[in-house]
Amino acid sequence: MNAELIATSASGLAWTVVYIALIYRGIKDKTYGMPLVPLALNFAWELVFSLIYPPADTGLAGTVINAIWMICDIGIVACYFVYSYKYFYQRYEISKLSWLTYSVAAFLVAFGIMFTGGPFFGQFATYFKSDIFHGAIFIAYIQNLIISVCFLLMIWERKSSEGQSLTIGVFKCIGTGLTVGIYYLFILHQGQAYLMNIIIGFTFLLDLIYIMTIYKQLKREGKNPWKRL
């Protein structure tokens with residue numbers, strides 16, 4: 001088993017835990033745990049890169065992992081459409097039709113980005129090795145940074161642990177920075193990833209801040225962070 005497959009498998013397992021925790025907390029708290037923009041990007045990425053452009057380097061294992069994530073994402077998307085409108089109304093006072101229109105548009109735009117983004121980046125032979133999925137990986141790290149930013153913004157805005165948990169933070173950190181992030185920076189590109197050093201490094205830092213923030217928030221609420229899925 002090569003290093004890429006090991007990193008991909010470990011990341012796949014960790015992110016699956018994150019998705020299951022997001023679905024569980026969403027149903028339990030009657031809310032949604034992943035903000036609209038990263039949710040739309042995530043779902044589109046997993047849809048496109050499991051069904052349209054499956055990964056070549058990791059073969060069936062990579063495709064299966066992406067498909068599992070896509071299926072889990074359906075549950076997170078369902079929580080969003082069932083529970084999110086009240087938050088948009090409270091903050092922006094928009095109608096349900098406007099909220100639905102913007103939400104559907106976000107998913108359509110995200111799909112367009114993923115459908116065209118992989119082939120666009122894959123054409124750059126030196127860095128992406130003329131491989132569409134290497135372009136997809138680049139996009140995935142950027143959207144991971146967006147997810148980290150949005151998770152922090154969500155907990156700061158809500159001032160509560162609704163839809164969030166320490167499990168989500170810890171396994172997101174493992175699933176990106178401590179598995180495929182290490183592989184991408186130090187094995188695949190041997191420290192010469194340039195811009196990606198900053199993106200992956202900053203994502204890891206934000207994940208640590210989120211872990212500390214959700215831990216403190218749960219303590220303030222009198223909840224045991226280690227027993228909350």
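Numbering starts at 1 and runs along the sequence shown.
Between atom NZ of residue K227 and atom CG of residue L166 there is a gap of 14.0 Å, rounded to the nearest 0.5 Å. Atoms CG and CG, from N42 and L47 in turn, are 12.0 Å apart once rounded to the nearest 0.5 Å. Rounding to the nearest 0.5 Å places CZ of R91 at 16.0 Å from NZ of K86. Atom CD1 of residue I168 and atom CD1 of residue I147 lie 11.5 Å apart, to the nearest 0.5 angstrom. Distance check, rounded to the nearest 0.5 Å: CD1 of I68 to CG of L13 gives 9.5 Å. Between L145 atom CG and T203 atom OG1 the span is 4.0 Å, to the nearest 0.5 Å.
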Inset, instruction - Given side chain to side chain contact (heavy atoms under 4.5 Å, CB included), test F111 with I52 step by step and report yes or no. - result: CA-CA 11 Å; F111 179 82; I52 301 174; 4.0 Å; yes

Inset, instruction - For ring-ring contact (aromatic ring centres under 6.0 Å, His included), just list the numbers for F138 and F124, CA-CA rounded to whole Å, side-chain angles, deciding distance to a tenth of an Å, and then say yes or no. - result: CA-CA 12 Å; F138 179 82; F124 299 106; 9.5 Å; no

Inset, instruction - I would like to know whether N224 and L218 meet side chain to side chain contact (heavy atoms under 4.5 Å, CB included); could you show each step before the answer? - result: CA-CA 7 Å; N224 187 333; L218 288 167; over 6 Å; no

Legend entry - I214 vs S165, side chain to side chain contact (heavy atoms under 4.5 Å, CB included): CA-CA, chis, key distance, verdict: CA-CA 7 Å; I214 188 65; S165 70; 5.6 Å; no

Legend entry - Check against ring-ring contact (aromatic ring centres under 6.0 Å, His included), F133 and W45: CA-CA 11 Å; F133 197 73; W45 193 96; 5.8 Å; yes

Inset, instruction - Kindly indicate, with the supporting measurements, whether the criterion side chain to side chain contact (heavy atoms under 4.5 Å, CB included) is fulfilled by T213 and W156. - result: CA-CA 9 Å; T213 302; W156 289 340; 3.8 Å; yes

Legend entry - ring-ring contact (aromatic ring centres under 6.0 Å, His included) between F151 and Y210, intermediate numbers included: CA-CA 7 Å; F151 271 178; Y210 172 81; 5.5 Å; yes

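For S161 and Q217, the side-chain atoms include no donor-acceptor pair closer than 3.5 Å. With 3.5 Å as the limit, one finds a donor-acceptor pair spanning the side chains of Y87 and T31. Judged purely by distance below 3.5 Å, without hydrogens or angles, the side chains of E46 and Y19 pair a donor atom with an acceptor atom. The closest side-chain donor-acceptor pair between W15 and T176 falls under 3.5 angstrom. Defined by atom type and a distance below 3.5 Å, a donor-acceptor pair is present between the side-chain atoms of W99 and S84. Side-chain contact annotation: T8 with S11, donor-acceptor N/O pair under 3.5 Å absent.
The shortest side-chain heavy-atom distance between L39 and D73 falls under the 4.5 Å cut-off. Using a 4.5 Å heavy-atom threshold, the side chains of L41 and M114 count as touching. Using a 4.5 Å heavy-atom cutoff, the side chains of T116 and F120 are not in contact. With contacts defined as side-chain heavy-atom distances shorter than 4.5 Å, the pair P54/F49 does not qualify. Side-chain contact between L100 and F81 is present, with heavy atoms from C-beta onward closer than 4.5 Å. Taking the side chain as every heavy atom from C-beta outward, I27 and C79 approach each other to under 4.5 Å. Residues M154 and Q164 are in side-chain contact: their nearest non-hydrogen atoms beyond the backbone lie under 4.5 Å apart. Contact annotation: the side chain of F204 approaches that of L178 to within less than 4.5 Å [non-hydrogen atoms, C-beta and beyond].
Closest approach of C173 and I211 over heavy atoms only: CB-CD1, 4.1 Å. A pairwise comparison of heavy atoms in L229 and A21 identifies O-CB, 3.3 Å as the closest pair. Shown here for A3 and I187, the closest heavy-atom pair between the two residues is CB-CD1, 4.1 Å. C72 and T16 make their closest contact through SG-CG2, 4.4 Å (heavy atoms, listed as atom of the first residue, atom of the second, distance). Minimum heavy-atom separation, S9 to I65: CA-CD1, 3.9 Å. Between A110 and A40, the closest heavy-atom pair is CB-O, 3.3 Å.
In this structure, Y89 is not a member of the same hydrophobic cluster as L97, with clusters built from ILVMFWY side-chain heavy atoms closer than 4.5 Å. By the criterion of side-chain heavy atoms lying less than 4.5 angstrom apart, applied directly or through intervening Ile, Leu, Val, Met, Phe, Trp or Tyr residues, Y85 is not grouped with Y83; the two fall into different hydrophobic clusters. Side-chain heavy atoms closer than 4.5 Å link hydrophobic residues (I, L, V, M, F, W, Y) into clusters, and following such links, possibly through other members, connects F43 to I113. In this structure, L36 is a member of the same hydrophobic cluster as M70, with clusters built from ILVMFWY side-chain heavy atoms closer than 4.5 Å. Y32 and V82 are not part of a single hydrophobic cluster, where members link through side-chain heavy atoms under 4.5 Å apart.
Within 6.0 Å of CD on E93 lie no more than 12 heavy atoms contributed by other residues, nucleotides or ligands.
In this view, S148 and K172, D207 satisfy the side chain to side chain donor-acceptor pair (under 3.5 Å) rule, not counting sequence neighbours. For Y184, the ring-ring contact (aromatic ring centres under 6.0 Å, His included) criterion is met by Y141, H189, not counting sequence neighbours.
A salt bridge does not link K30 to E162: none of the charged side-chain nitrogens sits closer than 4.0 Å to a carboxylate oxygen. Between R228 and D29, at least one side-chain N (NZ, or NE/NH1/NH2) sits under 4.0 Å from a carboxylate O, which counts as a salt bridge.
By the 30° and 60° cut-offs, the orientation of the rings of F128 relative to F121 is tilted.
Listed for the S98 side chain is no donor-acceptor partner under 3.5 Å among the backbone atoms of I94.
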